[in-house]
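Quick notes on the structure that follows.
None of the values given here were measured: they were computed from a predicted structure.
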Amino acid sequence: MNTINGKTLLDMFLTGAYYLKQNYKTIDDLNVFPVPDGDTGSNMLSTMLSGIRELKGLEDDPNIADVAMKFSKGLLFGARGNSGVILSQIFAGFASLGPDYYSVDIKLAADALNQSKIVAYKSVSVPVEGTILTVISDATKAVASKINKIETIEELANIYFKEAEESLDRTPLLLPVLKEAGVVDSGGAGFVTILRGMKAALDGEYHTFDEVLSSQAQQSTTPTKNFMDFDYYELNKYGYCTEFTIRLNPNLDFNKDDFTKKLEMFGYSIVVVNTEDIVKVHIHSKTPGEVFSFAQRYGALCAVKAENMAIQTSENSSIVVERLKSPKKVKNREKYGIVSVVNGQGLKDMFMALGVNEIVDGGQTMNPSTQDFIDAIEKVNAEHVFVIPNNKNVYMSARTAKALINDKHVVVVPAKTIAQGYAALTVFDQTQSPRQIIKDMETKIASIESGEITYAIRNSVSSGIEIHKNDFIGILDGSIINSFQSRMDSVKDLIDSMITDESTQVVIFYGTDVNDNELSELESYLDSKDGICPQLIEGGQKIYSYIIEVE
């Protein structure tokens with residue numbers, strides 16, 4: 001054929017999604033790190049299916065521009081993870097055709113492919129070669145170099161697909177980390193899988209909406225609406241029982257009476273105990289985040305705790321609070337609000353105690369979509385909304401959501417781990433300007449070390465470290481630094497790598513698989529570290545046994 005119409009493009013999208021549906025788990029397994037949270041295939045599939053749903057209801061003979069634009073819209077709002085966001089931008093190139101095309105010829109198809117490449121590269125602040133971007137770039141160049149000799153759409157598709165496959169095979173040559181792990185780029189593999197399906201559609205293969213959308217258990221990151229019997233006001237009626245310890249800054253003159261008097265503006269039932277360079281504080285406050293920000297003026301905080309007293313006093317305190325109900329009455333818009341991505345009840349409780357208004361349930365293996373972020377931001381009744389992603393793989397979705405919000409000033413905090421997000425929240429000061437708040441958060445993030453402990457799902461090599469399946473591995477600021485058969489050996493080695501002579505605090509969020517005996521051993525190990533204020537918090541997270549912040 002010499003042209004492609006809307007019905008054909010619709011069939012290509014359906015078949016591309018079907019092929020991805022059959023192979024997404026294999027793509028998940030291509031994760032560079034041998035950790036149990038590979039989700040590139042899952043994210044790309046969820047993104048594709050969001051685009052497919054948007055196409056339902058189109059007439060039998062649709063305009064090709066309508067198909068392209070509806071599909072692009074669905075991808076954009078449903079995009080999960082960095083791979084999903086880039087995928088949505090690739091297909092946005094087709095939407096640049098405009099509304100007036102019933103069909104597209106070979107030249108216009110080639111132009112659309114080139115526009116897809118341009119938009120995809122623009123979506124990434126620092127493009128990395130050896131990824132999905134390289135695959136689309138090489139395939140586009142192959143078509144452009146032969147455009148004057150291409151006579152059919154099928155021939156164009158064959159050239160594009162063949163070069164995409166070959167480019168994917170070359171990705172380990174461009175990214176040493178891929179070569180070391182023995183895998184090709186997972187995002188590129190997902191894209192090539194979609195292309196394989198789209199090419200099959202041109203060859204006559206056909207799949208229905210029901211085939212693509214049914215019998216597929218999709219991850220849902222929308223928080224479960226499992227509310228307590230308290231409304232928003234009831235939850236804040238009592239406030240939080242807030243406790244913490246300050247390791248005083250030796251350069252400051254500390255006056256206990258003056259400090260206690262100033263605390264009164266934040267709450268009641270105040271107890272302050274001062275011994276040499278340590279201050280222990282107890283206060284009931286509705287805004288514990290503000291208390292922590294105030295206290296940090298005097299030194300480093302540790303042993304931080306904030307428990308909601310409304311939940312403590314209820315007869316059914318075991319009920320999980322996924323998020324606070326919206327107020328029954330319309331409130332005046334606050335100046336600041338916070339949205340954060342968190343998984344694990346202990347982590348959720350801590351982040352909400354630090355001032356987070358809306359929790360987006362997710363993180364590792366559960367990447368929220370652009371729409372999830374938009375929904376959360378819209379629920380925050382504030383003029384300025386700070387979004388804390390806590391995961392590098394959801395950062396782009398948060399940024400995309402920001403661009404789609406018009407009635408609020410949205411700031412995406414560059415916190416790409418839970419430890420970084422926690423650190424950023426401890427310096428959130430509502431008395432400051434938005435510019436100063438984000439500056440303080442960025443400074444704090446840069447000042448800490450972030451580590452995690454998880455386990456290996458396959459044999460691998462990373463940064464010269466030989467890793468065996470089921471080993472426990474320590475990750476420091478995104479890089480694997482150890483691999484041990486014993487989890488305790490791994491966490492001790494990671495902590496030793498994170499602590500320096502200037503370190504004063506270690507905060508550890510432990511997961512669901514950590515037992516009391518292991519915690520006792522770890523606590524004793526931390527107590528042996530001179531000058532360190534340790535804090536162990538039940539995070540309730542899965543996959544990562546320990547999440548560690550050192551400052």
Close side-chain approach of [X] and [Y], heavy atoms under 4.5 Å:
{"X": "Q535", "Y": "V506", "result": "no"}
{"X": "I64", "Y": "I4", "result": "yes"}
{"X": "I467", "Y": "N459", "result": "no"}
{"X": "T370", "Y": "R80", "result": "no"}
{"X": "M198", "Y": "T15", "result": "no"}
{"X": "M44", "Y": "L20", "result": "yes"}
{"X": "L526", "Y": "L536", "result": "yes"}
{"X": "T208", "Y": "E211", "result": "yes"}

Using the side-chain contact (heavy atoms from CB on, under 4.5 Å) criterion, which residues pair with V461? Sequence neighbours excluded.
E180
Checking A415 now: which residues fulfil side-chain contact (heavy atoms from CB on, under 4.5 Å) with it, not counting sequence neighbours?
I388, N390, V413, Q420, I445
Using residues 471-482 as the side-chain source, report each donor-acceptor pair under 3.5 Å to any protein atom, sequence neighbours left out, with the distance given to one decimal.
| residue | atom | partner | partner atom | Å |
| --- | --- | --- | --- | --- |
| D471 | OD2 | H468 | N | 3.2 |
| D471 | OD2 | S483 | OG | 2.8 |
| D477 | OD1 | S450 | N | 3.1 |
| N482 | OD1 | G474 | N | 2.8 |
| N482 | OD1 | S490 | OG | 2.8 |
| N482 | ND2 | S490 | O | 3.1 |
| N482 | ND2 | D493 | OD2 | 2.9 |

Which distance, rounded to the nearest 0.5 Å, do you find between the [atom1] of [X] and the [atom2] of [Y]?
{"X": "I359", "Y": "L347", "atom1": "CD1", "atom2": "CG", "value": "9.0 Å"}
{"X": "F373", "Y": "L404", "atom1": "CZ", "atom2": "CG", "value": "12.5 Å"}
{"X": "L113", "Y": "K141", "atom1": "CG", "atom2": "NZ", "value": "14.5 Å"}
{"X": "L75", "Y": "R53", "atom1": "CG", "atom2": "CZ", "value": "11.5 Å"}
{"X": "F484", "Y": "I453", "atom1": "CZ", "atom2": "CD1", "value": "9.5 Å"}
{"X": "L354", "Y": "S340", "atom1": "CG", "atom2": "OG", "value": "9.5 Å"}

Would you call D361 and K348 a salt bridge, using N to O less than 4.0 angstrom?
yes
Does the distance from a Lys or Arg side-chain N to an Asp or Glu carboxylate O, for K379 and D375, drop under 4.0 Å?
no
Go through the steps for F191 and I90 under the test side-chain contact (heavy atoms from CB on, under 4.5 Å), then give the verdict.
CA-CA 10 Å; F191 183 57; I90 291 173; 3.9 Å; yes
Indicate whether any N or O donor in one side chain lies under 3.5 Å from an N or O acceptor in the other, for [X] and [Y].
{"X": "D185", "Y": "T131", "answer": "no"}
{"X": "Y525", "Y": "D496", "answer": "yes"}
{"X": "T26", "Y": "D29", "answer": "no"}
{"X": "N5", "Y": "T8", "answer": "yes"}

Using the test salt bridge (charged side-chain N to carboxylate O under 4.0 Å, His left out), find all partners of [X] that sit at least two apart in sequence or belong to another chain.
{"X": "D203", "answer": "K199"}
{"X": "R170", "answer": "D138, E163"}
{"X": "E129", "answer": "none"}

Kindly give the heavy-atom pair with the smallest separation between G355 and I338, and that separation in Å.
O-CD1, 3.7 Å
Around atom NZ of K73, are there more than 12 heavy atoms from other residues, nucleotides or ligands closer than 6.0 Å?
no
Verify side-chain hydrogen bond (donor to acceptor under 3.5 Å, both in side chains) between Q345 and D349, making sure each step is shown before the conclusion.
CA-CA 6 Å; Q345 193 57 44; D349 291 343; 3.0 Å; yes
For the residue pair H207 and Y19, does the interplanar ring angle fall in the parallel (under 30°), tilted (30 to 60°) or perpendicular (over 60°) class?
perpendicular
Hey, is the main chain of [Y] close enough, under 3.5 Å, to the side chain of [X] for a donor-acceptor pair?
{"X": "D372", "Y": "S369", "answer": "yes"}
{"X": "N470", "Y": "I457", "answer": "no"}
{"X": "S137", "Y": "L133", "answer": "no"}

Show every salt bridge (charged side-chain N to carboxylate O under 4.0 Å, His left out) that has at least one partner inside [range], sequence neighbours left out.
{"range": "residues 507-517", "result": "R487-D513"}
{"range": "residues 188-197", "result": "E165-R196"}
{"range": "residues 537-551", "result": "K444-E551"}

Apply the test side-chain contact (heavy atoms from CB on, under 4.5 Å) to residues I418 and Y544: give CA-CA distance (whole Å), side-chain angles for both, the deciding distance (0.1 Å), then the verdict.
CA-CA 11 Å; I418 287 290; Y544 286 82; over 6 Å; no
Test log, rule side-chain contact (heavy atoms from CB on, under 4.5 Å), inputs Y510 and L522
CA-CA 11 Å; Y510 59 90; L522 180 57; over 6 Å; no
Apply side-chain contact (heavy atoms from CB on, under 4.5 Å) to residues L178 and V184 and explain how you reach the verdict.
CA-CA 6 Å; L178 294 175; V184 296; 5.9 Å; no
Given Y546 and Q541, is the side-chain hydrogen bond (donor to acceptor under 3.5 Å, both in side chains) satisfied, shown in steps?
CA-CA 9 Å; Y546 295 103; Q541 73 274 8; over 6 Å; no
Sequence-distant partners of F13, ring-ring contact (aromatic ring centres under 6.0 Å, His included), two or more places apart:
F71, F91
Sequence-distant partners of F386, ring-ring contact (aromatic ring centres under 6.0 Å, His included), two or more places apart
Y336, F428
Side chain to side chain donor-acceptor pair (under 3.5 Å): pairs with one or both residues in residues 82-93, sequence neighbours excluded:
none
